[in-house]
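For reference, the structure discussed in these notes is given below.
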Amino acid sequence: MTFNVRTTQRSEFLDITGEIRKALTSSGIEEGIVTVFVPHTTAGITINENADPDVIRDIQAALERMVPWQHPAYRHSEGNSAAHIKSSLMGSSVSITAAGGDLKLGTWQSVFFCEFDGPRSRKVWIEITDGKKS
Amino acid sequence: MTFNVRTTQRSEFLDITGEIRKALTSSGIEEGIVTVFVPHTTAGITINENADPDVIRDIQAALERMVPWQHPAYRHSEGNSAAHIKSSLMGSSVSITAAGGDLKLGTWQSVFFCEFDGPRSRKVWIEITDGKKS
Amino acid sequence: MTFNVRTTQRSEFLDITGEIRKALTSSGIEEGIVTVFVPHTTAGITINENADPDVIRDIQAALERMVPWQHPAYRHSEGNSAAHIKSSLMGSSVSITAAGGDLKLGTWQSVFFCEFDGPRSRKVWIEITDGKKS
């Protein structure tokens, strides 16, 4: 399964938990592992809190301090090295358990698509491994 | 499967390899993928060395230098933004192969629950996908 | 499945996408999840761009700025704490979808073995979960 994401800023974390839940429901799979994969090298994916939006703002700001958008040592000609580095720091996939046909997440956990070089039109791929009878 | 972890310090890495092994044994599954998931947004999970405890101390100290507990830019009112950021840097799950009913890890690898906002009572979830006959 | 990697520098990112593709082909599995696991605590694995080699150079240099090889606070006696820290930052595994017998990666994505304490002879483990009929 695939769905599209539309980002509107250079750095933006979008809560995609609802889309992943919908994909799981439409698969009809009750138990197993949901692998959510981002097929981009200047975006990533992570799980964190969405109750207070300042959590995500603090994560984005901390990544910017660790990996500033501009640095005299960058050599990549497209000028978006920071986005590539943040992509590898967050990672390109998350694995989540499905149980009872629902996504098993902790109370405060949401899944975020991490845009690091937007605005762009992006894709998210979902693969669900059926764990039933196994 | 679920087990509990009790942390006693704000930042603490606990070796949970034994608990994961026990869960695999009790599942009776011989081959497949063991997904270990942390359902918290101020904790994480990672694989690293447990032979010399200074390795883990150096990892914790390096994370603290990259993401200090206090920073004038943090906006999250609970004051634990650093824990959220470290959680995303380490990640919320690891995937390990099971073979011959045992966890396949490299010689020096142990699995660590990473507490970043303790002390707390925490949970770890384990999902095992049977890879037999597949 | 296992294959060996020979690194020639202390810090080196090797594109192992071809080896993973070969393993998938020889497994005969058409659909599922390919888990690529690095059984080392001073190496890691990540997905990023291989079109411009400067992307990888910029990632390596940024990791070096975040986690310098030498730091007065390191206590691990082997002197390779930076390699352990980078290993946890990049992670020990990636999960990739297989579809139609081929690895499903984004246009610009390649899989890189990340050496952080070379030169060494290293191993990569691949486990493929068959997703057919599920």
Name the region of C:Ser95, side chain, backbone, both or neither, that has any atom closer than 4.5 Å to a heavy atom of chain B. side chain

Specify which of B:Arg65, B:Arg57, B:Met90, B:Gln60 makes the most heavy-atom pairs with chain C at under 4.5 Å. B:Arg65

Measuring heavy-atom distances to chain B, does C:Ser88 have an atom under 4.5 Å in its side chain, in its backbone, in both, or in neither? both

Between CG on residue C:Asp130 and CG on residue B:Asp130, distance to nearest 0.5 Å: 12.0 Å

Let me see the working for C:His76 and B:Glu49 under side chain to side chain contact (heavy atoms under 4.5 Å, CB included), right down to the final yes or no. CA-CA 11 Å; C:His76 180 43; B:Glu49 183 194 315; 4.2 Å; yes

Indicate yes or no for a side-chain donor-acceptor contact from B:Gln109 to the backbone of C:Val38 under 3.5 Å, with no hydrogens or angles considered. yes

More than 12 heavy atoms from other groups under 6.0 Å of CH2 on C:Trp108: no

Calculate, to the nearest 0.5 Å, the distance between atoms CG and CH2 belonging to B:Leu105 and C:Trp125 respectively. 7.0 Å

One option among C:His40, C:Met66, C:His71 has the most heavy-atom pairs under 4.5 Å with chain B, and it is C:His71

Would you give the length of the straight line joining atom OG1 of C:Thr41 to atom CG of B:Asp52, rounded to the nearest 0.5 angstrom? 11.0 Å

Check whether B:Asp58 reaches the backbone of C:Arg75 with its side chain - one donor and one acceptor, N or O, closer than 3.5 Å. yes

So, taking the atom named CD1 in B:Ile96 and the one named CD in C:Glu127, what distance separates them when rounded to the nearest 0.5 Å? 12.5 Å

For C:His84, does its backbone N or O pair with a side-chain atom of B:Asn48 as donor and acceptor, under 3.5 Å? yes

Answer with side chain, backbone, both or neither: which region of B:Ile47 has an atom nearer than 4.5 Å to a non-hydrogen atom of chain C? both

Quick one: what part of B:Thr97 sits under 4.5 Å from any heavy atom of chain C, side chain, backbone, both or neither? side chain

Does any part of the side chain of B:Val94, heavy atoms only, come nearer than 4.5 Å to the side chain of C:Phe37, both counted from C-beta? no

